[in-house]
Number of protein chains: 8
Amino acid sequence: DYAKIDHHRSLRNGLPEVIYAAGKSPEHTSEIFARMAATGIDVLATRADEATAAAVLAATPTAKYHQQARAITLRQSPPAAPHGHVAVLCAGTSDLPAAEEAAITAELFGAKVTRLYDVGVAGIHRLLAQRDILATANAVIVCAGMEGALPSVVGGLVAVPVIAVPTSVGYGASFSGAAALLGMLNSCSPNVCVVNIDNGFGAAYTATMIARASHR
Amino acid sequence: DYAKIDHHRSLRNGLPEVIYAAGKSPEHTSEIFARMAATGIDVLATRADEATAAAVLAATPTAKYHQQARAITLRQSPPAAPHGHVAVLCAGTSDLPAAEEAAITAELFGAKVTRLYDVGVAGIHRLLAQRDILATANAVIVCAGMEGALPSVVGGLVAVPVIAVPTSVGYGASFSGAAALLGMLNSCSPNVCVVNIDNGFGAAYTATMIARASHR
Amino acid sequence: DYAKIDHHRSLRNGLPEVIYAAGKSPEHTSEIFARMAATGIDVLATRADEATAAAVLAATPTAKYHQQARAITLRQSPPAAPHGHVAVLCAGTSDLPAAEEAAITAELFGAKVTRLYDVGVAGIHRLLAQRDILATANAVIVCAGMEGALPSVVGGLVAVPVIAVPTSVGYGASFSGAAALLGMLNSCSPNVCVVNIDNGFGAAYTATMIARASHR
Amino acid sequence: DYAKIDHHRSLRNGLPEVIYAAGKSPEHTSEIFARMAATGIDVLATRADEATAAAVLAATPTAKYHQQARAITLRQSPPAAPHGHVAVLCAGTSDLPAAEEAAITAELFGAKVTRLYDVGVAGIHRLLAQRDILATANAVIVCAGMEGALPSVVGGLVAVPVIAVPTSVGYGASFSGAAALLGMLNSCSPNVCVVNIDNGFGAAYTATMIARASHR
Amino acid sequence: DYAKIDHHRSLRNGLPEVIYAAGKSPEHTSEIFARMAATGIDVLATRADEATAAAVLAATPTAKYHQQARAITLRQSPPAAPHGHVAVLCAGTSDLPAAEEAAITAELFGAKVTRLYDVGVAGIHRLLAQRDILATANAVIVCAGMEGALPSVVGGLVAVPVIAVPTSVGYGASFSGAAALLGMLNSCSPNVCVVNIDNGFGAAYTATMIARASHR
Amino acid sequence: DYAKIDHHRSLRNGLPEVIYAAGKSPEHTSEIFARMAATGIDVLATRADEATAAAVLAATPTAKYHQQARAITLRQSPPAAPHGHVAVLCAGTSDLPAAEEAAITAELFGAKVTRLYDVGVAGIHRLLAQRDILATANAVIVCAGMEGALPSVVGGLVAVPVIAVPTSVGYGASFSGAAALLGMLNSCSPNVCVVNIDNGFGAAYTATMIARASHR
Amino acid sequence: DYAKIDHHRSLRNGLPEVIYAAGKSPEHTSEIFARMAATGIDVLATRADEATAAAVLAATPTAKYHQQARAITLRQSPPAAPHGHVAVLCAGTSDLPAAEEAAITAELFGAKVTRLYDVGVAGIHRLLAQRDILATANAVIVCAGMEGALPSVVGGLVAVPVIAVPTSVGYGASFSGAAALLGMLNSCSPNVCVVNIDNGFGAAYTATMIARASHR
Amino acid sequence: DYAKIDHHRSLRNGLPEVIYAAGKSPEHTSEIFARMAATGIDVLATRADEATAAAVLAATPTAKYHQQARAITLRQSPPAAPHGHVAVLCAGTSDLPAAEEAAITAELFGAKVTRLYDVGVAGIHRLLAQRDILATANAVIVCAGMEGALPSVVGGLVAVPVIAVPTSVGYGASFSGAAALLGMLNSCSPNVCVVNIDNGFGAAYTATMIARASHR
Ligand SMILES: Nc1ncnc2c1ncn2[C@@H]1O[C@H](COP(=O)(O)O)[C@@H](O)[C@H]1O
Ligand SMILES: Nc1ncnc2c1ncn2[C@@H]1O[C@H](COP(=O)(O)O)[C@@H](O)[C@H]1O
Ligand SMILES: Nc1ncnc2c1ncn2[C@@H]1O[C@H](COP(=O)(O)O)[C@@H](O)[C@H]1O
Ligand SMILES: Nc1ncnc2c1ncn2[C@@H]1O[C@H](COP(=O)(O)O)[C@@H](O)[C@H]1O
Ligand SMILES: [Mg+2]
Ligand SMILES: [Mg+2]
Ligand SMILES: [Mg+2]
Ligand SMILES: [Mg+2]
Ligand SMILES: [Mg+2]
Ligand SMILES: [Mg+2]
Ligand SMILES: [Mg+2]
Ligand SMILES: [Mg+2]
């Protein structure tokens, strides 16, 4: 009995359990996905490669694969007005996988999502041009690799929590995202908090909770 | 001109600038504190030692020193009902400085604060006994050193964001809080996000934003 | 003469030498396995991939390959009642390779093994539901990746040694198991001791010694 | 309410809660010590400096301070035959604080303790001369700093678990015990498991559990 | 013969040898300072504490101590128009020691220096307000601790090299400046290069070379 | 809209934006390259593998691929006398990729480039034989892996800035270039500043700015 | 001109330059090998894979490939009595590549070599059985991975220098040889010095110098 | 019985046991020193502070304290011609403690010692001026902090082993000697081997063995 699905999580945490496909065989992921789908809830699998997506969609044809986000979603809940507004920013084009994982997750969990991509600090005018839309978000997710400077600048511009996602983008002394991670943890903007490297999912989970509570 | 006080921060960020006393002489901190007090706002200085506290209270006698939190506060705003509810937990007695820094900050910024101390995971019944009160918080701050396991357990029990504060409590392979920091970043509870080691202030800043937005 | 088999180890250590296949060619492992089998003892090879397993089973057809554990066993000793009881826990589905390496090793060395899998701390009720069976073990092995929080919680629930096995499960700031390792070394439960990342074999070796001594 | 004493720990874990004095004021430690003494059990405080010892002995004059071990003990249980035999080894004279912390702890918890000190691997004959006495222990604790090589050699000589305690003895690339810690985690002797740097207490806690179970 | 002064350095490198006082006794520094002064050149000693300054000024009364910069200077060359323009920026008040070390060094070596202090990225308007003066510099030095984000933003605003100086300002995961150092090495602005943590002197040495060459 | 090309960079920074191909698909790089080419400027793409080069040259046949440098260039500006002189050195044959990336970049940006390769410090006569040509450079780039000692020696020989590029050449304790990086940051020659591991591009960007300013 | 062969090295260093094939194409290595062979000296290439060996032997058919050592040798000097005696030890079977690289190098450079393999400390009797032959060596090379304990034990048994070679053998907290490296640097035997991880070549180069000088 | 003096070491290792005073009380060191002196041999204590020196000289008035080397020596053997020649180099004035520890040790153990201090690579002419005397040494010790580049340059100039001693001299990214250590381990001169940070004693121990064997 290799997996105990935590069916009570929605009750305890307000949001359902999610499948982390990285360490699982396509068959295992597909089976768990189908079992969760059968309960009628919205289902999300993260870190799914092409082979896993193929297996899941074969068993659950109504599911959808988001390639750049490496995520599989199944929406079964009735359409509803979004619960709050989450802005997802990224510094450069290479940060897209984390940013899209965050955006897809927040959308599935019911938030309105605004994507602001390739707005890194080396050309600060690109970010400043978006201040108006930033000001309307209930929570902001900022994905950045290399020096990870963007969350501090964003944190100084908004009055809501900023969830910083260091990405593994970079080379050499980026140490696979550790440099960005350390930068974000030391942010001089006090409304910045941090999740694991490339963890767009976790950022969106928390951001959605905040947006939903702000919306109520 | 060694300091440019950011008087607009309240407007941009919803919360005022705060004095970080660690790198400053008692005279500098005292002078900045007095300048900010003169504008009529609530003032907070963190990481203030006894000498700094003496200097500040000499110049601003209505300020108050919180020794365990190493914080100086001056409340000038009129009394008001709290804006939301923040729970502050810590794993052991030695985590108190970070926990109190968080609690004092959240209270000054207008939140109701519940303190749940010494509820580490080696005696899990102590935490489980507090589930009812935990369930009423709008945001939870969890301070823990050593292995930093507490936020994951708490994250699994509540439906709101958990801000994890690794503390420098421990010895040897705790590497001054790095072990707790890494543990928290890898939390298997997706509603956990993390701030710098011993950064009770930053955790409270974000938690207060969340509690305030949830309360509205 | 590339290998000096330590035939006296059973006498000195009470348990036989074991083949670590990771750095060896399939031919070398197969030959050493056969040489040890010829002495009539129970034989174990760990970290054996499919190619190694094929070579060993070709030469020693009575051996058995345990794929998930990456282990090859040959039981030649007469059936006997188990010497003590070892519980093997793991936090998530992805920790199975280490957990199964531990379970297979302990079983070959004569212990009764109870497997309790996917009982991570984010859903603490799953672990608490198993307290009765945990209470009957003579030694407990706990495998966990990511933040490695499970051994501390288990340590607080039992009256026997807990051997913690950090696993390389996770990404980003898990640093291939280093985060879990550090967490476990800093456990606030004093009956926790630690072995190398993914070293299910070593954990089982020690746990079996304890269980056997407790049983006598 | 800064401390919740875990009075049930003896019931759950078989051994009582212990006071970690490092992060506490002498007054706090003294008061907790007295509260625990009042329940009639044996009491232990570790990491106690001279000032703490003075405060504790003033309030509880029957307590005893062990300077080298930095430990305070109070024995209140009736005399009894020892429960099993623990050998405590150390590599060099500078490892004595950790070794004595282990020895004092194991003795208070009821084990017979044999001390074998200054038997490091650079003069291997010193260790080999003690093989007979080593062979009679139910568990062995090995404290070593610098390269931490001693546990592997000892592990190859005995048929019981070896609990390795890396110490912070050394300089330069010893990185305050990290080198010894890593060495011990990679031990080629599979009956070695490891605790935190300088954690003689934790080693003794586990070793006593093993010795006690072996003795029954 | 503990020191071989490199009198040819001006010829080889265009700038004179400088005394690094950190590892030297006040007497040694004072004697070397006097020996160099006797040759008629401008003399600079860095990392000089109060005791060293007292010893140097006793022997060389025309020297001057710059407390915040921890530097001692002796100007003996005839007054001259500045050779180029160096801007020195810092993110926060606590970065002043490094910034002043840079400013004093560049001034002694003949550059015009503009100080722009406390312009960190959490209040980006403070930096943007200085764009005009920034545009006139031949080289820019940027000192920042914590997340070290400022050089990237500055690099995107100017058409000259930016020498980034990570400072040891911060706590916890700043790891004494390592976080800022890594951030700066990964800067997405390609005109940023980096010197050692707190090395204001080295930054000024290079910046002065650039400014001087640009001025010619 | 995955990429916002920063067309104003030439105006702000004096040098155009450059395409970092490492994180992009061949199609994306090819399209961005073509869009930039259409504006009539010189275009550079770095970290381009064979597949990317094929895609770019198919769409922009006048572009040129430099295999060892992993760079694609398109020169569209009219021929002009070089703006200053940059020397590019490397310690060993394996440092060529970084050295060539630097050389190609500096040439495209208008500098005269002198290559001095395989002049590592283990045979110091090889470097000393090149002192005359070194003396004519306006800026020097030094690429070295392993112990990264070459920049310090070069820094002591010239009167211009030395941009040090640590390379990932080496094995074991070179830790993929970290050893060379640390060595260079600690250089005892104060005219040495450092860029990221293998970042020949960034070194050339800064060196060209210096050479150009020196030339005017 | 990608390579400057250091033909004077024999004169300066007493031993010829050696080709490090790891970063070179088979063609480059083959051509350098042939150029050196043409001068009539003994030639050695290290870290040569199968493809490189094929290229070298095609151009220089009298060369010989040593697969386990990954080395190519060409002996052209007249036969001679060995210059001194080097013992090469390794702890386990997986350390053979480094040990063989050392042995082949020392033999080519003229030493008598004794191989003592698989004598790790977990079965210390295997080493003690070789004390007589150890006593006759002029220098000892010890290769070990995992905890790297063997050099300390050997250092205590002999009266000559011990060159320790940490190997990348192990997993998890061995961190690719870093654990063994740190252990060896902290050796409590003062006649132990250390080379880079897996650097059998460098160890043999130094050991041969010592053996040769001792023999004279 | 806190110390087992290894009186047989001279027989096994050719050089006597040495007292490492760092972890011992002045009384312990003084007593051990006196016990060893009573046997008539030459005695050495390293890492001795002023208080320890006072205690030792009080008990053994013929001993001598070398303040810069932090060493205490007692010569009792009859005068003899030196056994071989050891050169001790250091890069800067601040490396003197390690260099003097090496020089004093080698002299006591019977070698002729030549000191060449402050010959760092930033002014390479200082080293080249000493080539003739370097050429006469049987072994060379090179102490250097910061980037640790000196051993590689020296290694290329001599035909004997170079023992490299990284020192803790430096700041910031020197990480207390780790940068120098890594640099030396990666030396491109193959006759360089390395000891622990600041370990002048160990370097001299090995260098003396080499010089003595070369001299015979
Ligand atoms: N991309 C992700 N990163 C971190 N945690 C995740 C991710 N996706 C899912 N999870 C968490 O992993 C848990 C499932 O783990 P498992 O039992 O191994 O399938 C879920 O409850 C999620 O909270
Ligand atoms: N998975 C494993 N992890 C760590 N050590 C192991 C493992 N499997 C076997 N060993 C040990 O490795 C030793 C054999 O190593 P070797 O001489 O290299 O074959 C055995 O005596 C075991 O104690
Ligand atoms: N090899 C390189 N290393 C570091 N930065 C680079 C490199 N090549 C280009 N860049 C920078 O990367 C920026 C483009 O990043 P992106 O928006 O992700 O395409 C350019 O403006 C360059 O300054
Ligand atoms: N396996 C090895 N490890 C370290 N250095 C080596 C090795 N093999 C050869 N070398 C050194 O590398 C130098 C040649 O480097 P290169 O110029 O890149 O070919 C030689 O002079 C040797 O001293
Ligand atoms: Mg871009
Ligand atoms: Mg407690
Ligand atoms: Mg699960
Ligand atoms: Mg001793
Ligand atoms: Mg400020
Ligand atoms: Mg070469
Ligand atoms: Mg073996
Ligand atoms: Mg000097």
Side-chain angles (χ1 to χ4, degrees), chain A residues 90-95 118-131 134 142 144-159 162 164 166-194 197, chain E residues 90-95 118-131 134 142 144-159 162 164 166-194 197:
Chain A
C90 74
T93 305
S94 324
D95 300 312
D118 201 19
V119 294
V121 299
I124 196 77
H125 57 286
R126 296 177 295 186
L127 175 67
L128 298 177
Q130 313 283 353
R131 290 188 67 160
L134 263 183
V142 182
M146 301 170 77
E147 80 268 60
L150 189 55
S152 289
V153 179
V154 173
L157 298 176
V158 300
V162 172
T167 71
S168 51
V169 167
Y171 61 88
S174 93
F175 295 122
S176 308
L181 169 63
L182 290 177
M184 291 169 178
L185 285 167
N186 284 284
S187 177
C188 51
S189 291
N191 51 338
V192 172
C193 63
V194 188
I197 298 166
Chain E
C90 74
T93 304
S94 323
D95 300 313
D118 200 18
V119 293
V121 299
I124 196 78
H125 57 287
R126 296 178 296 186
L127 175 67
L128 298 178
Q130 313 283 351
R131 291 188 66 161
L134 262 184
V142 182
M146 300 169 78
E147 80 268 59
L150 189 55
S152 290
V153 180
V154 173
L157 298 176
V158 300
V162 171
T167 71
S168 52
V169 167
Y171 62 89
S174 92
F175 295 122
S176 308
L181 170 63
L182 290 177
M184 292 169 177
L185 285 167
N186 284 285
S187 178
C188 52
S189 291
N191 51 339
V192 171
C193 63
V194 188
I197 297 166

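Since we're looking at a predicted model, the values are computed, not measured. A, B, ... follow the sequence lines: proteins, then strands. Residue 1 opens every chain.
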Can you list, pair by pair, the side-chain donor-acceptor contacts under 3.5 Å of residues 172-179 of chain E, counting residues two or more places apart and other chains?
from	atom 1	to	atom 2	distance (Å)
E/Ser174	OG	E/Tyr171	N	3.4
E/Ser174	OG	E/Ser176	N	3.4

Keeping the roles fixed (side chain from A/Glu147, backbone from E/Ala149), state whether a donor-acceptor pair exists under 3.5 Å.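 No: the side chain of A/Glu147 does not pair with the backbone of E/Ala149.
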
Among E/Leu181, E/Leu185, E/Asn186, residue most engaged with chain A (heavy-atom pairs, under 4.5 Å):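 Most heavy-atom pairs within the cutoff with chain A belong to E/Asn186.
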
For E/Met146, the option from A/Ser187, A/Cys188, A/Ser152 that meets side-chain contact (heavy atoms from CB on, under 4.5 Å):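 Going through A/Ser187, A/Cys188, A/Ser152 one by one, the side-chain contact (heavy atoms from CB on, under 4.5 Å) with E/Met146 is satisfied by A/Cys188 alone.
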
Validation row: E/Leu128, A/Leu128 side chains within 4.5 angstrom (heavy atoms):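 Answer yes - side chains close enough.
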
Distance from A/Leu157 atom CG to E/Ile124 atom CD1, nearest 0.5 Å?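 A/Leu157 CG to E/Ile124 CD1: 7.5 Å, rounded to 0.5 Å.
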
Taking every heavy-atom pair that is under 4.5 Å apart, which of A/Val192, A/Leu182, A/Leu150 has the most such pairs with chain E?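 Most heavy-atom pairs within the cutoff with chain E belong to A/Leu182.
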
